[in-house]
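In listed order, ligands and their atoms are each counted from 1.
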Amino acid sequence: MGVLKDRFKAKADEMTTEIKSLLKEHGTKVIGQVQLTQIYQGMRGITKAPQGNEPLPEGLFYLMLVGELPKESDVTHVTETLQRRSHVPNHVFAAIDALPLSTHPMTMFVIGVMALQTESYFAKAYAEGINKKDYWLPTFDDTILLIARLPRIAAYIYRRKYKNNQHINPNGLLDWAGNFAHMLGYEATSFMELMRLYMTIHADHEGGNVSAHTTHLVGSALGDPYLSYAAGMNGLAGPLHGLANQEVIKWIFEMRDELKTELPTNEQIGAYVKKTLNEGKVVPGYGHAVLRETDPRFTAQMEFAKKHIPNDPLVKTVWNIYETVPPILQSLGKIKNPWPNVDAHSGALLVHYGMVEYEFYTVLFAVSRSLGVLASLCWDRALGLPIERPKSVTTDLVKKWIEGKDEIWGD
Ligand code: AMX
C-alpha cells in the first residue's frame with residue numbers, strides 16, 4: 001500500500017496549503033446568489049464547478065487519489081494491493097445468509113457492508129483517541145480494504161440468490177474487475193472487458209449526486225468509511241438514481257411483452273413512452289439533474305456495443321429508444337434534459353452476456369461507485385473538512401422573511 005499512500009499524503013499536504021492560502025486571500029469572496037426556488041428544488045444550481053481495450057478502474061482510482069494519470073506500474077501496484085486484501089470474514093456471509101432469498105440484492109449488499117464494519121480501522125482508532133491530523137490514515141486503510149472486498153460480497157449475493165448458492169473462489173491473478181466477473185461466474189473475455197468499462201464509468205460523476213453527497217455527508221460526522229459508504233449506497237438504491245438501471249430493463253421487457261415483439265418499431269416505442277408518461281411515471285434512463293446532453297457514459301457503452309454486439313435486438317431497441325424518446329420529452333416543455341443517462345444502456349449489455357437478473361444491476365453500480373465516493377472520503381479527511389450542516393427553515397419562516405418580518409438567512 002506504501003506508494004499509493006505516500007503519494008496521496010504528498011498530494012493532500014500540497015492541497016491543504018493551497019486551500020489555506022486561497023481562503024486567506026479570497027475567503028470572503030461571494031460565489032453566487034441563492035434563490036428561494038433553489039431551496040425548494042433540492043439545492044441544485046447553487047455552485048457550478050468547471051467542469052485488453054477497456055480501461056482498468058484501478059487507474060481511475062489512482063487518478064482520483066493522486067490527481068495524476070498513473071503509469072502502468074502504478075495501476076499494477078493498485079491491482080496487487082487490492083488482490084492481497086480481498087479476504088472477507090465469515091460473519092459477513094452469515095449476515096447475508098440470515099436474510100430471505102427474496103430480499104433485494106441492494107439490501108443484502110448494504111447489510112453485508114455494515115457487517116464488515118467490524119473491521120474498521122477508523123472506528124477503532126477514533127475510539128482509542130486518534131489525533132485529528134491523522135484521521136486520513138485509517139480512512140485510507142479502510143478505503144483500500146473495503147474496495148478490495150466489495151466484489152467478493154457482491155458476487156456472493158449474486159451466486160446465493162441466482163445460482164443455487166454455488167460460490168466461486170477469487171482468482172488472485174486477475175485484475176479487480178476481471179476477478180469480479182470471474183466470481184460472478186462470467187469467464188468470457190468480452191464480459192471481463194465489459195466489467196472493466198462498467199466499473200470505470202460508474203465510479204464517479206461529481207460530488208452532488210445522491211450517493212456521492214450522502215457518503216460525504218455521513219462521513220462529515222466522522223462516520224467511518226463503512227458507515228458512510230453504506231449510507232451512500234442506500235441513496236444509490238433509489239429508482240431516480242442507481243436503481244434506474246434495473247428500471248430501464250424492466251420497462252423494456254414490459255414493453256416487449258405488451259407489444260408481443262422482440263424488436264418494437266419506433267412508432268410502437270413512441271406510443272409506449274406516451275402511455276408511460278400518461279400514467280404519471282418517469283421514462284427510466286432519461287433525464288439528469290445536471291447533464292444537458294447525452295451522457296458520455298451512455299455513448300461509451302454504445303461504442304462498446306457497436307464494436308462487440310451490434311446485432312443484438314435488445315441493444316437495437318435501446319438505440320431505437322434513443323431516437324424516439326428525446327423529442328417526446330422535449331415536447332413536454334418542462335424536462336431540462338431529454339437525453340439518455342448512464343442507466344439507459346447498461347442493462348442491455350449485461351443481458352446480452354447472460355446476466356438477466358436485473359434486480360442485481362444496482363449492486364454492480366455500487367461496487368464501482370466505491371472508487372469515487374471513498375477516494376473523496378479520503379480527501380475529506382486529509383483536508384479536514386468540517387461537519388456538514390445546511391440551515392433548515394420552515395415554510396412559515398420563509399413567509400415571514402418574504403414579508404420582511406424575519407431575518408432567517410442570518411447565520
Ligand atoms: N420521464 C418523465 N418525466 C421526467 C423525466 C423522465 N425521464 N425526467 C424529468 N422528468 C420530469 C420531472 O419528474 C419533473 O416533473 P415535475 O415538474 O412534474 O415534478 C420535470 O420533468 C423537471 O425535471 P428536471 O428538472 O428535468 O429533472 P430533475 O433534476 O428534477 O430530475 C432525474 C432528474 C434524473 C431524477 C429525472 O430526469 C428522472 O426522474 N429520470 C428518470 C429516472 C432516471 O433515469 N434516473 C437515473 C439518473 C442517473 C443516475 O443517477 N444514475
Exercise for review: Measure the spacing between CD1 of I19 and CD of E14 and express it to the nearest 0.5 Å.
Suggested key: 11.0 Å
Point to revise | ligand 1 contact on N341 by region, counting heavy-atom pairs under 4.0 Å | key: side chain
Review point. So with a 6.0 Å cut-off around CZ of F93, is the heavy-atom count from everything else above 12?
Key: yes
Check your understanding: Do V342 and ligand 1 have an N or O pair less than 3.5 Å apart?
Key -> no
Review point. What part of D343 sits under 4.0 Å from ligand 1 if we count only heavy atoms: the side chain, the backbone, both or neither?
Key: side chain
Study note, to complete from the structure: Out of R369, H202, K336, E247, the nearest non-hydrogen contact to atom 25 (O) of ligand 1 is supplied by K336
Exercise for review: Could you tell me whether some N/O pair between G285 and ligand 1 is separated by less than 3.5 angstrom?
Suggested key: yes
**Study point:** Check: S211 main-chain N/O paired with H241 side-chain donor or acceptor under 3.5 Å
**Key:** yes
Review point. Given I335, T362, D295, which has its nearest heavy atom closest to atom 10 (N) of ligand 1?
Key: I335
Check your understanding: Just distances here: any N/O of K281 and N/O of ligand 1 closer than 3.5 Å?
Key -> no
Check your understanding: So, is F365 polar-close to ligand 1, with some N/O to N/O distance under 3.5 Å?
Key -> no
Exercise for review: Would you kindly specify which portion of A289 sits under 4.0 Å from ligand 1, judged on non-hydrogen atoms: side chain, backbone, both or neither?
Suggested key: both
**Study point:** Side chain, backbone, both or neither: the part of L277 lying under 4.0 Å from ligand 1 by heavy atom
**Key:** side chain
Review point. Is the closest heavy-atom distance from N209 to ligand 1 below 4.0 Å?
Key: no
Practice item. Go through Y353 and Y186 one step at a time and tell me if the ring-ring contact (aromatic ring centres under 6.0 Å, His included) criterion holds. Key: CA-CA 8 Å; Y353 290 105; Y186 296 87; 8.6 Å; no
